[in-house]
Amino acid sequence: MLHEKLSAIYDNVLRRNPGEIEFHQAVREVLESIGPVLGKHPEYAESKIIERICEPERQIIFRVPWTDDKGEVHINRGFRVEFNSALGPYKGGLRFHPSVYLGIVKFLGFEQIFKNSLTGLPIGGGKGGSDFDPKGRSDGEVMRFCQSFMTELYRHIGEYTDVPAGDTGVGGREIGYLFGQYKRITNRYESGVITGKGLVYGGAQVRTEATGYGCSFFVQEMLKARGTSFDGKRVVVSGSGNVAIYTIEKVEQLGGVVVACSDSSGYVLDEKGIDLDLLKQIKQVERARLDVYAQRRPHATFVPGRSVWEVPGEVAMPSATQNEITGHDAATMVANGLIAVGEGANMPTTPEGIKVFQEAGIAYGPGKAANAGGVATSALEMQQNASRDSWTFEFSEQRLQEIMRDIHDRCLATADEYGMPGNYVAGANIDGFRRVADAMLALGLI
């Protein structure tokens, strides 16, 4: 239930942002947690902090024309929502996927405000992308699209203004093309203008692995808080992209056994544990479907068109996309012996699913806390670029682990402070919100 004052704010969000259901969901999830904060901090209500946070500082929509290898012209739509800069320059990824529209970008940007705040680093929240689909496109086609996209975006970004990164559909190839076009247009080598870069031109160690590693570290802390660990635990991971692959890698290093992962065609079950080298070859090199994994590993089974959440596991790591775990899925997972969930994706659990997990007493780490490792390491990349420095893999991973441990501990402490022990959702939302709210009060009407 929403606090009375917050209910009116939420109704206004619905009215002002019609049809943007993912954004509505993200806003409501935060508002449901922060009611108790208003009692302790009436100044937030008096200064309309919540209303201001729910309204982006800037929304940019632009046309992206490009030509395919046959010379045919295509027109896509580009977005950048610069949501909140109270803590620092806007920071958040670019997503290239056919599902992208303004509501998706606003939901991701809104989540990014609190996620970035939780890192304790000086970065604001933003997000962007396009409805362009890089799947099946040649390198030349992707390059021409990225160059056209950056030809508009470059005028809105900068290391002190807005620093994009990658997200779904935007990996090292796309970041290279985007940064190359920015450099070409501006005639400046501003390494800090975009993160997720290749190591040879200003990238940071562990950035590729950061979201998956960070989520694994967060779940490790949740398990530790309950007196257990990953050791010998049966783990199910959704997705098989960058986040999923490095989640699998770190979980296995921490002693867990990942028995299943998925893509849009179905899931693969490997009772002996996912062969990470084979998965990387299929997904990162060949860009093939998961059925190829089962063809090359005879004892593994590929199940087409079904949800990976039907596979029993003690730990679930959703690492694919938003709203992939329904209430029905969550009930099945709990019945199958689930004890912990760490969200590597953004908002992968529906409100009904979250309710099932919380009522069952599952250790549930929401995405804005559990997957903050990616943006945290992006901020570390910005630090290195600013100082013209380069850190080792070991040092960078140590910094990441420290940040994730700190996020976990602050979420847990904040939940305790507000009388909701063990509620990581409330802890993350309240702690993330308070830091942004205090900065906005200090800065006046921004």
Side-chain angles (χ1 to χ4, degrees), residues 13 17 19-31 53-62 77-85 87 89-119 123-133 149 153 156-157 162-171 174-175 178 194-196 210-211 214-215 239 241-243 318-324 343-351 366-376 378-379 425 428-429 432-433 436:
V13 168
N17 304 274
E20 298 174 359
I21 56 175
E22 297 86 359
F23 178 53
H24 302 163
Q25 181 182 337
V27 170
R28 185 178 181 94
E29 191 259 346
V30 170
L31 295 186
I53 283 180
C54 291
E55 186 67 24
E57 292 174 13
R58 192 172 295 108
Q59 302 179 64
I60 303 155
I61 303 176
F62 52 96
R77 182 173 288 177
F79 303 89
R80 189 67 180 174
V81 174
E82 297 174 332
F83 225 115
N84 191 290
S85 60
L87 296 177
Y90 309 104
K91 186 82 192 77
L94 298 170
R95 175 176 292 194
F96 292 169
H97 192 272
S99 66
V100 170
Y101 78 109
L102 187 59
I104 289 279
V105 178
K106 284 168 69 175
F107 128 62
L108 292 167
F110 185 76
E111 288 276 291
Q112 202 77 42
I113 299 169
F114 307 101
K115 181 189 302 185
N116 294 2
S117 173
L118 283 168
T119 69
I123 43 178
K127 208 74 177 184
S130 174
D131 55 3
F132 170 74
D133 188 358
F149 185 87
L153 185 66
H156 306 291
I157 64 176
D162 185 352
V163 183
D167 194 299
T168 303
V170 179
E174 289 77 15
I175 292 293
L178 290 165
I194 194 166
T195 58
T211 305
C215 189
N242 180 74
V243 177
S319 308
T321 191
Q322 65 270 6
N323 291 326
E324 59 173 288
E343 293 187 337
N346 292 304
M347 205 171 71
T349 309
T350 65
K368 62 171 62 69
N371 71 36
V375 74
S378 282
V425 174
N429 286 335
F433 170 77
V436 177

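Starting from 1, each residue takes its place in the sequence as its number. In this text, all values refer to a predicted model and were calculated from it rather than measured experimentally.
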| Checking side-chain contact (heavy atoms from CB on, under 4.5 Å) for the pair I104/H97: CA distance, chi angles, key distance, verdict? | CA-CA 11 Å; I104 289 279; H97 192 272; over 6 Å; no
**Q.** Trace of the side-chain contact (heavy atoms from CB on, under 4.5 Å) decision for D167 with N346
**A.** CA-CA 10 Å; D167 194 299; N346 292 304; 4.2 Å; yes
message = Pair I113, F110 - check side-chain contact (heavy atoms from CB on, under 4.5 Å), show working.
response = CA-CA 5 Å; I113 299 169; F110 185 76; 4.3 Å; yes
Verdict with supporting geometry, Y90 and H156, side-chain contact (heavy atoms from CB on, under 4.5 Å): CA-CA 11 Å; Y90 309 104; H156 306 291; over 6 Å; no
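In this structure, the side chains of V170 and R95 stay at 4.5 Å or more apart for every pair of heavy atoms. Within the 4.5 Å cutoff, no side-chain heavy atoms of L153 are placed close to those of L178. Using a 4.5 Å cut-off on side-chain heavy atoms (C-beta onward), L94 and E174 make no contact. Considering only heavy atoms from C-beta on, N371 stays 4.5 Å or farther from V243 through its side chain. A heavy-atom distance below 4.5 Å is not found between the side chains of D131 and Y101. The side-chain heavy atoms of P164 and I157, taken from C-beta on, include a pair separated by under 4.5 Å.
A pairwise comparison of heavy atoms in E324 and A345 identifies OE2-CB, 4.4 Å as the closest pair. When all heavy atoms of R80 and G128 are compared, the pair lying nearest together is NH1-N, 3.3 Å. Scanning both residues, G432 and L118, for their nearest heavy atoms gives N-CD2, 3.8 Å. The shortest non-hydrogen separation linking F83 to F23 is CZ-CE1, 3.7 Å. In plain terms, the two heavy atoms of N116 and I123 that are nearest each other are CB-O, 3.6 Å. In terms of heavy-atom proximity, F114 sits nearest to I53 at CZ-CG2, 3.8 Å.
Here the CD-CD distance, from E111 to Q322, works out to 10.5 Å after rounding to the nearest 0.5 Å. The structure places OG1 of T195 at 7.0 Å from CD1 of I175, a figure rounded to the nearest 0.5 Å. Between atom CG of residue N323 and atom CD1 of residue I21 there is a gap of 8.0 Å, rounded to the nearest 0.5 Å. Within the model, atoms NZ of K368 and CD of E343 stand 8.5 Å from one another, a figure rounded to the nearest 0.5 Å. In this structure, CZ in F107 is found 13.0 Å from NE2 in H24, a value given to the nearest 0.5 Å. Distance check: C54 SG to L31 CG gives 5.5 Å after rounding to the nearest 0.5 Å.
Under the 6.0 Å cut-off for aromatic ring centres, F149 and F132 do not qualify, their centroids lying 6.0 Å or more apart.
The only option from R58, K127, K91 that meets the salt bridge (Lys or Arg N to Asp or Glu O under 4.0 Å) definition with E82 turns out to be R58.
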